[in-house]
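Throughout, residue positions are numbered sequentially from 1 according to the sequence presented. Just so it is clear, the model here is predicted, and its values are computed rather than measured.
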Amino acid sequence: MLKRLIILNSDIYSKADIELDNCNSLQIVGPNNIGKSTLIYALNFLFIIDGREMTFSGNRIGDKTTFNHYFPSINSSFIIFEIFKNRYYSILVKKNAEGNLDYYKIDSEYKEELFFTETNKGQKIRKFDSLLSELTTNGIEHKKFTKRSEVFNFVYQKGKRNNGVVWLNQNVNQDGRGISNNFSKIYKYLINSKLINNNSLKESLIIADNKENESVSFSKKNQKDIQTLLRHNRDIKVIKSIQRSFTDFKELVNQYKGKNAILSELTFAFNQQYSTLYSELGTSVSKMKTERAEKRTHLNETLNPKEKELNQLIGKITNQIEQKQKDLDSKEKLVLEIKAFEDLQFLEESF
């Protein structure tokens with residue numbers, strides 16, 4: 001049985017180690033995006049093998065992009081499954097240069113000192129070639145599985161007189177490719193429960209009962225009932241097809257109600273402020289109109305007549321100034337004529 005799962009140097013984990021020994025159930029608790037799902041989905045690499053049948057979060061399959069998430073380095077990223085069946089051994093999974101997976105069987109439980117070296121800065125993971133050399137130095141046998149079907153047939157073995165990871169009953173069917181059986185088909189739903197729906201549940205029950213290839217015959221009554229069910233199923237599909245649109249519409253209605261409530265509050269606050277301000281503006285405008293009327297009356301009755309009177313006085317004074325100027329000019333002319341006469345001494349000498 002699987003005793004321990006270790007993930008080394010993945011995108012999320014530098015090292016993740018979870019022990020499953022003597023464990024009937026296990027709960028993994030932690031905040032979002034800490035890697036809980038990554039840890040659980042790593043079981044795909046042991047129990048599914050077929051990348052097309054593997055399922056990960058976000059509806060991803062076991063392709064090279066997903067492999068890169070678990071194995072960013074081809075030389076120092078590993079997943080190790082520690083197994084105990086009659087004795088301890090481990091299965092190591094790594095990515096090769098082509099982006100595919102390589103599987104190795106190591107005849108020992110997981111020993112951390114084999115995978116890490118001690119440095120002044122702490123532990124440092126070994127490169128794969130160095131790891132193989134360390135295994136050889138310590139007398140630990142290891143071998144590479146040559147193809148996926150070999151891995152699969154080692155993991156799943158019938159009977160209990162072997163060291164397979166999973167012991168199967170004799171009646172468990174295996175598909176023609178040799179990398180899938182009843183157990184692995186069902187196990188992917190245990191790893192990723194989000195895949196479970198009516199069809200997958202029905203398929204799982206049929207597989208579990210070894211009735212995948214059996215034919216089923218129906219009477220006319222059964223056929224009529226089936227047609228009724230199919231019709232109901234079509235109706236349900238129609239409802240489901242508009243469910244998303246209805247949910248979106250409901251959300252829009254809720255948003256509208258929320259924004260309408262905010263708008264009502266803003267309108268009420270505006271009206272409160274506006275009514276007070278409008279009243280003040282009305283009083284101010286009325287006062288200004290009264291002042292304007294008073295000033296206009298004062299202008300028409302007092303200032304305009306005064307202006308007219310002043311203009312007349314100015315005209316009169318202007319005429320007086322002009323007359324005085326004429327008199328002054330006449331006198332200056334007379335003075336000039338007088339100055340033109342001979343002086344008094346000349347007159348005295350004349351006599």
Side-chain angles (χ1 to χ4, degrees), residues 1-23 25-48 51 54 56-58 60 62-85 87-145 151 155 165 191:
M1 63 180 295
L2 177 63
K3 290 284 188 177
R4 195 172 177 185
L5 167 61
I6 305 97
I7 301 176
L8 301 178
N9 194 29
S10 72
D11 264 356
I12 292 182
Y13 303 115
S14 57
K15 181 177 71 173
D17 186 351
I18 182 169
E19 294 190 11
L20 307 172
D21 193 15
N22 298 321
C23 179
S25 65
L26 179 69
Q27 292 183 345
I28 301 177
V29 181
N32 291 336
N33 300 319
I34 199 174
K36 301 187 299 296
S37 297
T38 299
L39 191 63
I40 294 171
Y41 289 137
L43 295 172
N44 275 290
F45 298 108
L46 178 65
F47 293 112
I48 306 301
M54 295 180 184
F56 300 84
S57 59
R60 291 180 293 118
D63 54 15
K64 292 184 178 180
T65 301
T66 304
F67 295 162
N68 289 337
H69 177 69
Y70 283 91
F71 309 99
S73 169
I74 62 174
N75 289 318
S76 58
S77 295
F78 315 115
I79 295 179
I80 303 98
F81 300 98
E82 182 184 274
I83 314 295
F84 181 81
K85 279 293 178 71
R87 60 185 177 84
Y88 276 103
Y89 64 89
S90 301
I91 293 178
L92 181 145
V93 188
K94 66 177 290 290
K95 186 179 69 174
N96 59 33
E98 289 75 32
N100 299 315
L101 299 181
D102 287 339
Y103 284 78
Y104 291 80
K105 178 176 176 288
I106 300 172
D107 287 336
S108 170
E109 69 272 23
Y110 171 75
K111 295 179 180 179
E112 191 157 295
E113 63 270 18
L114 298 175
F115 288 84
F116 291 89
T117 58
E118 294 293 336
T119 66
N120 294 332
K121 296 182 180 180
Q123 288 185 323
K124 180 180 179 181
I125 192 167
R126 294 182 188 274
K127 299 294 185 182
F128 185 63
D129 290 342
S130 174
L131 172 62
L132 295 182
S133 297
E134 190 69 16
L135 292 173
T136 302
T137 301
N138 285 272
I140 299 174
E141 293 185 5
H142 56 276
K143 73 166 188 173
K144 179 182 178 181
F145 292 99
V151 182
V155 171
V165 179
I191 296 175

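- A donor-acceptor pair is defined here as one N or O able to donate and one able to accept, closer than 3.5 Å; no such pair exists between the side chain of Asn44 and the backbone of Ile48.
- Proximity of Lys105 to His142: side-chain heavy atoms (C-beta onward) are nowhere separated by under 4.5 Å.
- The backbone N or O of Pro31 lies less than 3.5 Å from a partner atom in the side chain of Lys36, making a donor-acceptor pair.
- Under the 3.5 Å distance criterion, with hydrogens and angles disregarded, a donor-acceptor pair is assigned to the side chains of Asp63 and Thr66.
- Here the side chain of Asn138 pairs no donor or acceptor atom with the backbone of Ile140 at under 3.5 angstrom.
- A donor-acceptor contact shorter than 3.5 Å links the side chain of Arg126 to the backbone of Leu114.
- Cation-pi geometry between Lys15 and Phe115 is not met: the NZ or CZ atom fails to fall both under 6.0 Å from the ring centre and inside 45° of the normal.
- Remark: aromatic rings of Phe128 and Tyr104 are close, center separation under 6.0 Å.
- Side-chain N or O atoms of Lys95 include none that pairs as donor or acceptor with a backbone N or O of Ile74 at under 3.5 Å.
- Taking the centre of each ring, Tyr41 and Tyr70 stay at or above the 6.0 Å mark.
- Here Lys3 does not pair with Glu109 in a salt bridge; the nearest charged N to carboxylate O distance is not below 4.0 Å.
- Using a 4.5 Å heavy-atom threshold, the side chains of Leu2 and Phe47 count as touching.
- Panel note: side chain Ser90, backbone Ser108; a donor-acceptor pair is recorded below 3.5 Å.
- Proximity of a side-chain donor or acceptor of Lys64 to a complementary backbone N or O of Gly99 within less than 3.5 Å is not detected.
- Ring pair Phe56/Phe45 is tilted by interplanar angle, where 30° to 60° counts as tilted.
- At distances below 3.5 Å, at least one donor-acceptor pair connects side-chain atoms of Glu82 with backbone N or O atoms of Tyr110.
- Side-chain atoms of Asn9 come within 3.5 Å of backbone N or O of Ser76 as a donor-acceptor pair.
- The main-chain N or O of Ser10 is never found under 3.5 Å from a side-chain atom of Ser77 such that the two would form a donor-acceptor pair.
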